[in-house]
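Every value quoted in this text rests on a predicted model; they were computed, and no experiment measured them. Quick note on labels: first sequence line is chain A, next is B, and so on, each numbered from 1. What's counted below: heavy atoms across the whole structure, side chains too, no hydrogens, waters or symmetry copies.
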Amino acid sequence: MKEYLEKILTEALQKLNYAVKNIQFDKPKEEKFGDLSTNAAMLLAKELKTSPRKIAEEIINKLEYDNKLISKVDIAGAGFINFFISDNFYKDNLTTILGEKDDFGKSDLNKNKTADLEWVSANPTGPLHLGHGRGLCLGKAVANLLEWTGYKVTREYYYNDAGNQMNNLGKSVQARYMQLIDPDFPFPEDGYVGDYVKDIAKIIYDERKDSLKDSDDIDFFKKAGENYNFKLIRKTLDTLGIHHDTYFNESSLYENKIIDNILDEFKKRSLSYENDGAIWLKMDPDEGFQKDKVIVKSSGEPTYRLPDIAYHVDKLNRGYDLIVDIFGSDHGDTYKEVLYGVQMLGYDSDKIKVIIHQMVTFKMGDESVKMSKRSDNVVYLDDLVNDISPDATQFFFVMRGRNTHLDFDVALAKEQSEKNPMYYLQYAHARICGILRNADDNIPDHKNLDLKKIDPELIKSEDEIKLLKTLSRFPEEVESSAEGFEPHKIITYLNEVAENFHRFYHNNRVVDLENKELSKARLLICLATKQVFKNGFDIIGISAPERM
RNA sequence: GCGCCCGUAGCUCAAUCGGAUAGAGCAACAGCCUUCUAAGCUGUAGGUUACUGGUUCGAUUCCAGUCGGGCGUACCA
């Protein structure tokens, strides 16, 4: 529809010899201002130094349009041109929705393009906890959104099996193992204190008894811990319906000499230097960096920045059209350093989009618990999911814009009542399923309805038309959500659909044996609404229940 | 101190690259079930968009400053 309006408006402007860049069509907030409106006249007013209303009148006089599609065009306010789209357009849209089914809302905007989404990427030093939740659920929905606009998406997990933290895990496991033999064995000061470390030690002890008590093979304990933890992580991801296509091992960056090559490259370009036995990367103050950063410690180990830069170089070399990373705001500065490093090596970092989300506060009972990934009092994600269900976890983490500090009300997410915003949406879907079950019994031939045989004049109430209008917007809602990586917009939109559906339901009896033709027409509306819910739920990553 | 993010109804949040009278849900109040699920619907009330200035025909949106909160500011990731 927008394309059509753009076309006829451009034609009218050409006749007047006016040139406008970025013509916008917006959905006005109020119905009396039509279905779509443009501010083209206001944009012209500045250049032409005449009143916007006068220009709007000129444009309308030159405007040629199809009366079957557009019922009225008028001017309002400061010079908005408002278009009223005919009801028939929306009725025809039913055919589109019911024809495209699970594909309704998909676009080929990014057809034949590839995208790589890397997220979660938790180190296997322990199970996933609440601090991981938001990014994890956000990524699931974003991946779906990208697919809905045509991208072929690779879901990737950066597996960090090297470095300090893993050594620390090895030492922790060893200490817990030794404590099974000698309770006085000291635990490392900054070791991992979670109970899962004891579980790992117990498994090792059950298998090997005390045969390892004199061993200093930290790698053995490390590996045991890593395997155990990664199994836990994948299990949690599995219950949340998150599946990665590839796991990229950090250690491969060393094995393939990519790290060495990049180090050489930095040196060659005089971007790095040695000081105090460490290698530093020069950071440009004009880019907002306050000081240079260490990329190789004096111990010879790289800091996280170097492999991260190498990893992104590798991703760029793989040729994706879009590369997306998801991090919490606690990484807000460090990704900039990484991108800077990538740029300095001569790569175009524009393809890399970094999604940063703000931290989450969990409301549990009367207390609020802040949960960054480094928080001391750890609550495991599994416990939350078991407590409130995978759907509620997904929904509540994705419900709000990622730049807001999310307040996660655990009691509310758990509650199975009208207070819970997720149920408002799912209930609408279940309600439609109930109507369809009723129709199965009473109007058995409803399943093979032909829209062409339905008299469009039967659909005429305000509730019905409004619902159809809302449904027709779904594809553009998907596009705009995908553009900004903002799945919460889908929820906001579905809320509007639910609102309109519930009102329609309340005022219009669907299955009416006295009036089967009308029933059939309304059943089509129900089917289309159900489809939009289902597709929206698919994107945000929750189920579409048939009964509640 | 410096950098990034945020501040909208009592609470949690929306608001389409600057647009028309700032919208939902919950909570509050008043109604609606002999009819397909009342996890629903209808109505009322609730606001100086933190504050102060600026740019503009028009600012919640952009700019500057102030106040308040979050996250960073490591030879941790």
Students often get this wrong, so: under 4.0 angstrom with heavy atoms, is [X] touching a base, only sugar-phosphate, or nothing?
X        : answer
A/Ser329 : sugar-phosphate
A/Ala428 : nothing
A/Gly277 : nothing
A/Tyr505 : base
A/Ala430 : base
A/Lys419 : sugar-phosphate
A/Asp463 : nothing
A/Leu406 : sugar-phosphate
A/Gln416 : base

Rounded to whole Å, CG of A/Asn420 lies from C1' of B/U12 at a distance of 12 Å
Taken to the nearest whole Å, NZ/A/Lys489 to C1'/B/G23 is 15 Å
* Classify the side chain of A/Asn82 and the base of B/A20 as holding, or not holding, a donor-acceptor pair under 3.5 Å. => yes
Only residue of A/Lys520, A/Glu517, A/Glu464, A/Arg522 satisfying side-chain contact (heavy atoms from CB on, under 4.5 Å) with A/Leu458 is A/Glu517
Using the [atom1] atom on both, measure [N] against [M] and round to a whole Å.
N     : M     : atom1 : result
B/C71 : B/A77 : C1'   : 15 Å
B/G68 : B/U52 : C1'   : 15 Å
B/A50 : B/G10 : P     : 13 Å
B/G54 : B/A59 : P     : 12 Å
B/C67 : B/A22 : C1'   : 24 Å
B/A9  : B/A24 : C1'   : 11 Å
B/G25 : B/C63 : P     : 32 Å
B/U60 : B/C75 : C1'   : 45 Å

### Message
Using a 5.5 Å cut-off between ring centres and planes within 30 degrees, is A/Tyr424 stacked on the base of B/A39?
### Response
no
Sorted by number, residues from residues 299-309 of chain A placing a heavy atom under 4.0 Å from RNA chain B are A/Thr303, A/Tyr304
Here the residues of residues 491-500 of chain A within 4.0 Å heavy-atom distance, strictly under, of RNA chain B are A/Thr492, A/Asn495
Can you tell me if [X] touches the phosphate of [N], counting only side-chain N or O atoms and a distance under 4.0 Å to OP1 or OP2?
X        : N     : value
A/Arg522 : B/C36 : no
A/Lys297 : B/C76 : yes
A/Arg503 : B/G40 : no
A/Lys363 : B/C11 : no

(Q) Centroid separation under 6.0 Å, is that true for the rings of A/Phe408 and A/Phe396? (A) yes
Is the distance from the ring center of A/Tyr311 to that of A/Tyr158 below 6.0 Å? yes
Could you list the protein-to-nucleotides 30-35 of chain B atom pairs, N/O on both sides, closer than 3.5 Å?
residue, atom, partner, partner atom, Å
B/U35, O2', A/Arg509, NH1, 2.3

Note: for A/Ser417 and A/Asp276 on RNA chain B, the residue whose nearest nucleotide lies more 5' is A/Ser417
Only distances under 3.5 Å count here; give the side-chain donor-acceptor pairs of residues 399-406 of chain A to other protein atoms, sequence neighbours excluded, each with its distance to 0.1 Å.
residue, atom, partner, partner atom, Å
A/Arg402, NH1, A/Gly484, O, 3.1
A/Arg402, NH1, A/Phe485, O, 3.2
A/Asn403, OD1, A/Gln358, NE2, 3.3
A/Thr404, OG1, A/Gly401, O, 3.0

Are [X] and [Y] within salt-bridge range, i.e. N to O under 4.0 Å?
X        : Y        : result
A/Lys363 : A/Asp407 : no
A/Arg473 : A/Glu476 : no
A/Lys315 : A/Asp325 : yes

Whether each nucleotide of nucleotides 1-9 of chain B has a protein heavy atom under 4.0 Å at its base (B), only at its sugar-phosphate (S) or at neither (-) is summarised, 5' to 3', as -BSSBS---
Under a 4.0 Å heavy-atom criterion, the protein footprint on nucleotides 54-67 of chain B, written with B, S and -, is --------------
Query raised in the report: Would you find a donor on one side and an acceptor on the other, under 3.5 Å apart, between the side chain of A/Gln426 and the backbone of A/Ser543?
Result: yes
Within 6.0 angstrom of A/Glu462 CD, more than 12 heavy atoms from elsewhere: no
Regarding the side chain of A/Arg431, the nearest nucleotide among B/C36, B/G40, B/C71 is B/G40
Side-chain contact check for A/Glu418: nearest option of B/C75, B/G40, B/C36 is B/G40
Check your understanding: Would you say the side chains of A/Asn164 and A/Asn168 form a donor-acceptor pair under 3.5 Å?
Key -> no
(request) Go through the steps to decide whether A/His132 and A/Ile233 satisfy the test side chain to side chain contact (heavy atoms under 4.5 Å, CB included), and finish with yes or no. (result) CA-CA 11 Å; A/His132 294 107; A/Ile233 289 171; over 6 Å; no
